[in-house]
Amino acid sequence: MEGIVSRSRTNEPGNGVDYRDYGKRQNYVALMYAVDRGVSRLQDALKDPNQDGDSSDSVAEDTLIVFLSDNSGKISQAGNNTPLKVDKGSTHEGGIRVPMLMVWPGDLEAGTVFPHPVTALDFYPTFAALADASVPNGKKLDGKDVWADLRTGNNPHASDTLFWLRHHGGGNEVAIRNGDLKAYRKQCGKWQVFDVKEDVAETKDLAKENREFLMQLVSEGGDWSKSLVPPEWHDTAAGRASWVENEMPR
């Protein structure tokens with residue numbers, strides 16, 4: 001693991017990371033390295049399925065690999081999401097944006113950067129379309145097929161409003177994005193608006209300059225919240241009780 005873990009401690013913790021807990025940071029980085037190593041082994045297996053040194057049976061160019069994190073870094077566990085604001089569980093960018101890579105040597109050009117939003121909800125309709133699978137008539141999908149846009153560099157959600165909600169006891173942490181502007185509110189605090197393209201750290205509140213836009217997003221968010229079905233599971237019994245008692249997600 002030489003070269004993977006830095007041997008010097010950082011005095012500036014940056015995005016809330018306390019590098020004085022050096023052992024915790026070592027464990028965090030070691031786990032990331034282990035994931036990278038595992039993905040590399042999967043790719044090697046695709047290039048030489050029989051592991052006989054002959055790559056003539058390679059299926060790598062016929063395989064689409066999609067890799068993404070389910071969460072951003074957890075600051076209390078020595079993660080670092082700089083320059084994004086805060087971390088896992090938040091509807092600030094530090095809790096929404098995660099690394100995602102797509103590899104398909106026979107179809108996608110290497111080194112391409114896609115700067116537009118893609119959500120995990122988009123994968124199902126995208127994979128179904130790539131596999132020429134049919135979606136049952138009348139079945140409404142939350143995501144969309146983004147493959148054509150990925151290849152052309154267009155924004156698949158240019159005209160869409162995207163929503164995120166995190167339940168916190170008697171209130172919610174909410175983000176509503178349309179274009180490059182995102183409305184944000186936690187609990188019963190004030191609504192804020194950020195340009196998450198030019199200001200990824202969400203440092204400048206643009207609510208005053210975008211009052212009508214904000215009112216429209218809040219209205220859309222209210223309608224969206226009413227359309228949600230009750231969660232099938234909660235991580236704790238207390239969480240379920242709080243959800244029911246507070247009639248969430250109001």
Please tabulate, for the side chains in residues 100-111, all donor-acceptor contacts under 3.5 angstrom to protein atoms that are two or more places apart in sequence or on a different chain.
unit_1 : atom_1 : unit_2 : atom_2 : d
Trp104 : NE1    : Glu61  : O      : 3.0
Asp107 : OD1    : Arg151 : NE     : 3.3

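- Applying the ring-ring contact (aromatic ring centres under 6.0 Å, His included) definition to pairs two or more places apart or across chains, those involving residues 207-230 are Phe163-Trp224.
- Residues meeting the side chain to side chain contact (heavy atoms under 4.5 Å, CB included) test with Asp52, sequence neighbours left out: Asp48, Asn50, Asp54.
- Leu206 is connected to Ile176 through a chain of hydrophobic side-chain contacts under 4.5 Å among Ile, Leu, Val, Met, Phe, Trp and Tyr, so both are in one cluster.
- Every residue two or more places apart in sequence or in another chain was checked for a side-chain hydrogen bond (donor to acceptor under 3.5 Å, both in side chains) with Asp145, and none qualifies.
- Residues satisfying the ring pair (Phe, Tyr, Trp, His ring centres under 6.0 Å) criterion with Phe67, sequence neighbours excluded, are absent altogether.
- In this structure, Val98 and Ser72 approach most closely via the heavy-atom pair CG1-N, 3.7 Å.
- No donor-acceptor pair under 3.5 Å is formed between the side chain of Asn71 and the backbone N or O of Gly89.
- Residues passing the side chain to side chain contact (heavy atoms under 4.5 Å, CB included) test with Gln77 are Lys24, Tyr28, Lys74, sequence neighbours excluded.
- Within the structure, salt bridge (charged side-chain N to carboxylate O under 4.0 Å, His left out) contacts touching residues 233-244 (residues at least two apart or in different chains) do not occur.
- Ser58 pairs by the side-chain hydrogen bond (donor to acceptor under 3.5 Å, both in side chains) definition with nothing, not counting sequence neighbours.
- One hydrophobic cluster holds both Leu150 and Leu68 under the rule that ILVMFWY side chains link at heavy-atom gaps under 4.5 Å.
- Sorted by first and then second residue, the pairs that involve residues 201-211 and meet salt bridge (charged side-chain N to carboxylate O under 4.0 Å, His left out), not counting sequence neighbours, are Lys182-Glu202, Lys190-Asp205.
- Val59 and Ile65 end up in the same hydrophobic cluster when Ile, Leu, Val, Met, Phe, Trp and Tyr side chains are linked at under 4.5 Å.
- Grouping the Ile, Leu, Val, Met, Phe, Trp and Tyr side chains by contacts below 4.5 angstrom, directly or via other members, places Val66 with Phe114.
- Taken from CG in Asn154 to CG in Asp149, the straight-line distance is 5.5 Å, to the nearest 0.5 Å.
- One hydrophobic cluster, built from ILVMFWY side chains closer than 4.5 Å, cannot hold both Leu130 and Tyr124; they sit in different ones.
- For Asn81 (side chain) and Leu84 (main-chain N/O), no donor-acceptor pair under 3.5 Å exists by modelled atom type.
- Counting all heavy atoms, side chain and backbone alike, Gln192 lies closest to Ala207 at CA-CB, 4.3 Å.
- Checked against side-chain hydrogen bond (donor to acceptor under 3.5 Å, both in side chains), Asp199 has the following partners two or more places apart in sequence or in another chain: Thr203.
- When all heavy atoms are compared, the tightest approach of Pro117 to Asn155 is CD-OD1, 3.8 Å.
- Among residues two or more places apart in sequence or in another chain, the side chain to side chain contact (heavy atoms under 4.5 Å, CB included) test is passed with Leu121 by Thr119, Asp142.
- Take Lys144 and apply the side chain to side chain contact (heavy atoms under 4.5 Å, CB included) test, not counting sequence neighbours, and it matches Asp122, Val146, Pro156, His157, Asp160.
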